[in-house]
Amino acid sequence: MAVAFIALFAFSNCSGDDSFEFSPDPTCGRNINFIVEVIPQGAGIVTRSEYVNSFGLNGLMPFQVIEYFAIPADGYQFIKWDLAPIADREENPISLIPCDINPVYTTVRIKAIFEIREE
């Protein structure tokens, strides 16, 4: 009986044609404040780009991707990202997906850590 109810509920909105409209919010309804800082100050800059990836479920589950690029100033090299409260990362650029970030976090601090390049 429960299975029949679930099946009825799951397919009650289906129609006979093949058209299907589905446009979820690619941010999953999350408004995250990203605060970016360069350490040490003046050692480089951070640029940001964002796009919506629509590969999930053949385009039915789009999600927002935010990329940060660390660009060192002359004489410096990029070392890592200090992401609080997310774990540190060494790849550059980094990609952050708001849907993957724990919903309890409304602010993420992003520090691009540079050091003087030894020659």
Side-chain angles (χ1 to χ4, degrees):
M1 175 100 170
V3 174
F5 176 73
I6 291 171
L8 177 65
F9 179 74
F11 295 107
S12 63
N13 290 328
C14 293
S15 64
D17 63 18
D18 288 337
S19 65
F20 183 74
E21 289 185 31
F22 188 74
S23 59
D25 177 0
T27 66
C28 300
R30 297 188 187 143
N31 187 13
I32 300 172
N33 183 26
F34 293 102
I35 300 172
V36 180
E37 186 177 355
V38 172
I39 305 295
Q41 191 173 16
I45 61 170
V46 175
T47 62
R48 171 185 163 142
S49 69
E50 64 180 82
Y51 59 92
V52 174
N53 181 326
S54 60
F55 295 123
L57 292 178
N58 292 326
L60 297 177
M61 293 293 291
F63 55 90
Q64 179 186 34
V65 178
I66 301 171
E67 287 186 319
Y68 287 95
F69 299 82
I71 303 166
D74 287 340
Y76 286 90
Q77 65 185 6
F78 172 76
I79 299 301
K80 69 175 183 174
W81 298 99
D82 179 353
L83 302 167
I86 306 169
D88 293 353
R89 295 194 193 162
E90 293 181 3
E91 70 269 15
N92 186 25
I94 56 168
S95 296
L96 301 175
I97 301 169
C99 290
D100 289 346
I101 297 173
N102 189 323
V104 300
Y105 303 127
T106 56
T107 299
V108 174
R109 294 188 175 277
I110 302 171
K111 294 179 184 177
I113 311 295
F114 296 90
E115 71 177 10
I116 294 175
R117 183 179 18 193
E118 294 180 22
E119 297 188 29

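Because the structure is a prediction, the values reported are computed rather than measured.
- Residues satisfying the side-chain hydrogen bond (donor to acceptor under 3.5 Å, both in side chains) test with E37, not counting sequence neighbours, are none.
- Side-chain contact check for F34 versus I101: some heavy-atom pair is nearer than 4.5 Å.
- In the hydrophobic clustering of ILVMFWY residues, with side-chain heavy atoms under 4.5 Å counting as a link, I79 and F69 come out apart.
- The shortest non-hydrogen separation linking I66 to P98 is CD1-CG, 4.1 Å.
- Around the CD1 atom of I39, the shell of radius 6.0 Å holds more than 12 heavy atoms that belong to other residues, nucleotides or ligands.
- To the nearest 0.5 Å, atoms CZ (R30) and CD1 (I97) are separated by 11.0 Å.
- Rounding to the nearest 0.5 Å places CD of E115 at 11.0 Å from CZ of F78.
- Note that CG of N31 is 9.0 Å distant from OG1 of T106, once rounded to the nearest 0.5 Å.
- Partners of K80 according to the side-chain hydrogen bond (donor to acceptor under 3.5 Å, both in side chains) rule, which considers only residues two or more places apart in sequence or in another chain, are D88.
- Looking only at side-chain heavy atoms (C-beta outward), V38 and V46 come within less than 4.5 Å of each other.
- Side-chain heavy atoms closer than 4.5 Å link hydrophobic residues (I, L, V, M, F, W, Y) into clusters, and following such links, even through other members, never connects I35 to V104.
- Between T27 and C99, the shortest heavy-atom distance links the atoms C-SG, 3.7 Å.
- The local environment of CD in E90 is sparse, with at most 12 non-hydrogen atoms from other residues, nucleotides or ligands closer than 6.0 Å.
- Residue pairs meeting the ring-ring contact (aromatic ring centres under 6.0 Å, His included) criterion with at least one partner in residues 87-113, sequence neighbours excluded, do not occur; the list is empty.
- Annotation: the span from Q77 atom CD to I113 atom CD1 amounts to 13.0 Å, rounded to 0.5 Å.
- E67 contributes atom CD, which lies 11.0 Å from atom CZ of R48 (distance to the nearest 0.5 angstrom).
- In terms of heavy atoms, A73 sits closest to G42 at CB-O, 3.8 Å.
- Looking at every heavy atom in both residues, P40 comes nearest to F114 through CD-O, 3.4 Å.
- Not one N or O on the side chain of D82 forms a donor-acceptor pair closer than 3.5 Å with the backbone of K111.
- In this model, no donor atom of one side chain and acceptor atom of the other lie less than 3.5 Å apart for Y76 and R117.
- Atom CD1 of I94 sits about 5.0 Å away from atom CD1 of I110, to the nearest 0.5 Å.
- Checking side-chain atoms of R89 against main-chain N and O of S95 turns up a donor-acceptor pair under 3.5 Å.
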